[in-house]
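Structure, as structure tokens:
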Amino acid sequence: MKLTAEQARRVAVAAQGFTESKPAGPVTRAHLRKLLSRIQVLQLDSVSVAVRAHYAPVFSRLGGYDRDVLDRAAWSHSARAPRLMVEYWAHEAALMAVDDWPLLRWRMREYEHGRWGREIVKKNAHLAEDVVAAVTELGPSTAGQIEAHLEAEPRGRKGPWWDRSDTKWVAEALWSSGVLTTATRVGFARHYDLSERVLPPEVFARDVDDSEAIRELVLRAAGALGIGTETDLRDYFRLNPKQSKPAVAALVAAGELEEVEVDGWSAPAYLKPGQKVPRWDRGTALLCPFDPLIFFRPRVERLFGFHYRIEIYLPQPKRRFGYYVWPFLLDGRLVGRVDLKAERASNALAVVGAFTEEGEDAGYVAAALADELRSMASWLGLGDVTVGSRGDLVSALRKALR
């Protein structure tokens with residue numbers, strides 16, 4: 001089977017849910033569950049210059065919604081509304097379906113001493129025991145609350161003292177190893193609790209063979225991406241080649257993945273058998289830097305001819321487009337980008353800069369972008385959209401907003 005580059009792009013955009021109609025009424029848990037089954041993960045990030053990253057993909061696909069619906073699904077539990085999501089290293093730190101937690105037990109074993117700061121953790125084995133004991137006693141707690149509890153204990157009972165920051169390292173390591181998980185967040189601060197108290201008993205008890213888990217993750221990546229090379233499939237859950245290559249081969253042999261050729265791609269691509277290829281380019285949305293459609297920058301260039309990098313960590317004079325830049329998907333193509341900031345003091349969504357891709361019609365892009373910006377401002381509870389001076393699109397966008 002052979003696809004054109006345009007067909008591959010349409011498959012990718014449709015797979016991520018951008019061609020679906022937005023709900024006519026309020027977004028519900030059922031909508032979230034369906035979306036999560038499609039895209040698998042909502043990446044977490046601490047930057048909140050516009051809106052935190054995990055909220056944005058839901059808005060991009062379902063339109064304006066009450067963020068409390070997502071908060072409750074991710075960080076609360078009741079008999080009427082069981083926890084829908086849990087946090088873990090899925091792509092990076094991300095929200096994923098609670099039922100999928102066992103698929104990453106192999107990673108928890110790899111992170112027995114954490115993902116970073118392993119030497120600190122290894123040197124503080126007794127501190128790990130103390131942190132677990134503290135959480136067991138306290139219930140959901142921040143690292144600061146755990147520190148305060150431990151410091152209140154008589155030192156003689158605890159043996160050698162530790163540096164205050166070590167408690168955070170150890171708590172994070174216990175989170176990475178699956179001993180602790182996030183019970184809730186308050187002001188985005190993570191409250192740790194024992195995983196066995198947060199997860200449903202049947203989920204906590206489930207053990208999945210490592211090879212089976214990797215194959216399932218690759219298959220889910222294929223569903224979420226629609227189409228991708230082995231490298232693309234590998235990146236979605238941050239696997240390594242020794243895991244992903246045998247998994248892809250096994251899935252092809254089993255008929256669960258189909259190998260195809262895409263015009264202009266130097267490597268084979270894979271998709272699920274029976275994958276529909278849309279006939280038309282559809283899908284319009286603003287994409288935050290951590291949207292699953294644009295996770296893997298080499299794939300973004302292959303699919304859209306769109307070079308994209310996050311410039312947060314560059315000094316301002318070296319930034320080409322801005323601090324927190326959202327690519328703009330219009331009719332299934334990436335046609336521009338906007339540097340956005342939510343300015344609460346002035347009650348406005350500020351477009352710091354706006355840029356069109358080469359060859360695009362600025363007037364057409366601006367008209368569609370103005371609608372998306374108004375919708376986003378309303379969703380964020382902001383009364384206005386303002387436009388700065390940076391970029392070739394600002395003049396047309398200012399006119400469209402008027």
Side-chain angles (χ1 to χ4, degrees), residues 1-21 35 38-40 57 60-61 91 218-237 239 241 244-245 247-249 251-287 289 291-309 326-337 355-365 367-369 372:
M1 183 177 177
K2 186 171 183 177
L3 297 179
T4 66
E6 291 77 14
Q7 287 175 318
R9 185 182 68 236
R10 291 170 192 156
V11 168
V13 172
Q16 283 280 312
F18 290 105
T19 59
E20 301 278 326
S21 298
L35 178 61
R38 180 190 288 273
I39 67 175
Q40 302 295 323
S60 296
R61 292 155 178 80
H91 178 70
V218 170
L219 196 59
R220 293 189 183 208
L225 293 173
I227 186 168
T229 65
E230 181 273 322
T231 309
D232 299 337
L233 300 178
R234 180 200 314 168
D235 177 77
Y236 208 79
F237 288 102
L239 307 175
S244 58
K245 288 183 178 181
V248 169
L251 290 166
V252 171
E256 295 183 79
L257 283 183
E258 180 181 349
E259 182 176 318
V260 298
E261 181 183 346
V262 178
D263 285 342
W265 291 22
S266 59
Y270 302 90
L271 43 68
K272 288 186 173 182
Q275 173 72 60
K276 293 182 179 179
V277 180
R279 297 179 61 186
W280 312 106
D281 285 315
R282 293 175 55 208
T284 296
L286 284 161
L287 307 176
D291 192 282
L293 180 64
I294 56 174
F295 272 164
F296 194 43
R297 311 311 189 202
R299 181 173 183 265
V300 174
E301 292 196 40
R302 234 183 300 124
L303 281 171
F304 298 99
F306 189 90
H307 180 82
Y308 181 59
R309 298 293 183 271
W326 298 55
F328 181 44
L329 182 76
L330 175 59
D331 298 331
R333 298 182 302 111
L334 291 178
V335 298
R337 56 192 96 198
F355 309 81
T356 50
E357 289 299 285
E358 184 177 352
E360 299 295 340
D361 183 308
Y364 180 69
V365 172
L369 179 57
E372 293 299 313

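Only this structure's heavy atoms are used, side chains among them; waters, hydrogens and symmetry mates stay out.
The CZ atom of Phe306 lies 9.5 Å from the CZ atom of Arg297; values are rounded to the nearest 0.5 Å. With rounding to the nearest 0.5 angstrom, the CZ atom of Arg61 is 7.0 Å from the CG atom of Leu287. To the nearest 0.5 Å, atoms CG (Leu225) and NZ (Lys272) are separated by 11.0 Å. Taking CZ from Phe328 and CZ from Phe355, the interatomic distance works out to 15.5 Å, rounded to the nearest 0.5 Å.
In terms of modelled atom types and a separation under 3.5 Å, the side chain of Arg337 and the main chain of Tyr308 share no donor-acceptor contact. At least one donor-acceptor pair under 3.5 Å links the side chain of Gln16 to the backbone N or O of Ala224. Although no hydrogens or angles enter the test, the distance criterion places a donor-acceptor pair under 3.5 Å between the side chain of Gln7 and the main chain of Thr4. No donor-acceptor pair closer than 3.5 Å links the side chain of Thr356 to the backbone N or O of Gly336.
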| Test log, rule side-chain hydrogen bond (donor to acceptor under 3.5 Å, both in side chains), inputs Thr284 and Glu372 | CA-CA 8 Å; Thr284 296; Glu372 293 299 313; 5.9 Å; no
| task | Step by step, work out the side chain to side chain contact (heavy atoms under 4.5 Å, CB included) result for Phe304 and Leu329. | result | CA-CA 10 Å; Phe304 298 99; Leu329 182 76; 4.1 Å; yes
| query | Given Glu230 and Val218, is the side chain to side chain contact (heavy atoms under 4.5 Å, CB included) satisfied, shown in steps? | reply | CA-CA 9 Å; Glu230 181 273 322; Val218 170; over 6 Å; no
| request: List the steps, then state whether side chain to side chain contact (heavy atoms under 4.5 Å, CB included) holds for Val335 with Tyr364. | output: CA-CA 10 Å; Val335 298; Tyr364 180 69; over 6 Å; no
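Salt-bridge annotation for Arg333 and Glu360: present, with a side-chain N of the basic residue lying under 4.0 Å from a carboxylate O of the acidic one.
Across all their heavy atoms, Pro327 and Ile294 have their closest contact at CG-CD1, 3.8 Å. Between Tyr270 and Thr229, the closest heavy-atom pair is CD1-C, 4.2 Å. In this structure, Leu35 and Pro57 approach most closely via the heavy-atom pair CD2-O, 4.5 Å. Scanning both residues, Ala8 and Val262, for their nearest heavy atoms gives CB-CG1, 3.9 Å. Across every non-hydrogen atom of Val277 and Met1, the tightest pair is CG2-CE, 4.4 Å. Listed here is the closest heavy atom pair of Ala15 and Gly223: CB-O, 3.7 Å.
The side-chain heavy atoms of Asp291 and Trp326, taken from C-beta on, include no pair separated by under 4.5 Å. Counting only heavy atoms from C-beta outward, the side chains of Gln275 and Ile227 never approach each other to under 4.5 Å. Residues Phe18 and Leu293 are in side-chain contact: their nearest non-hydrogen atoms beyond the backbone lie under 4.5 Å apart. In this structure, Leu303 and Trp265 have side chains that are in contact, with non-hydrogen atoms separated by less than 4.5 Å. Using a 4.5 Å cut-off on side-chain heavy atoms (C-beta onward), Arg220 and Tyr236 make no contact. A heavy-atom distance below 4.5 Å is found between the side chains of Arg38 and Glu20. Side-chain contact between Asp235 and His91: present, with at least one pair of heavy atoms (C-beta onward) separated by less than 4.5 Å. You'll find the side chain of Thr231 reaches within 4.5 Å of the side chain of Phe296, heavy atoms only.
Legend: residues meeting salt bridge (Lys or Arg N to Asp or Glu O under 4.0 Å) with Asp281, ordered by chain and number and at least two apart, are Arg9, Arg10.
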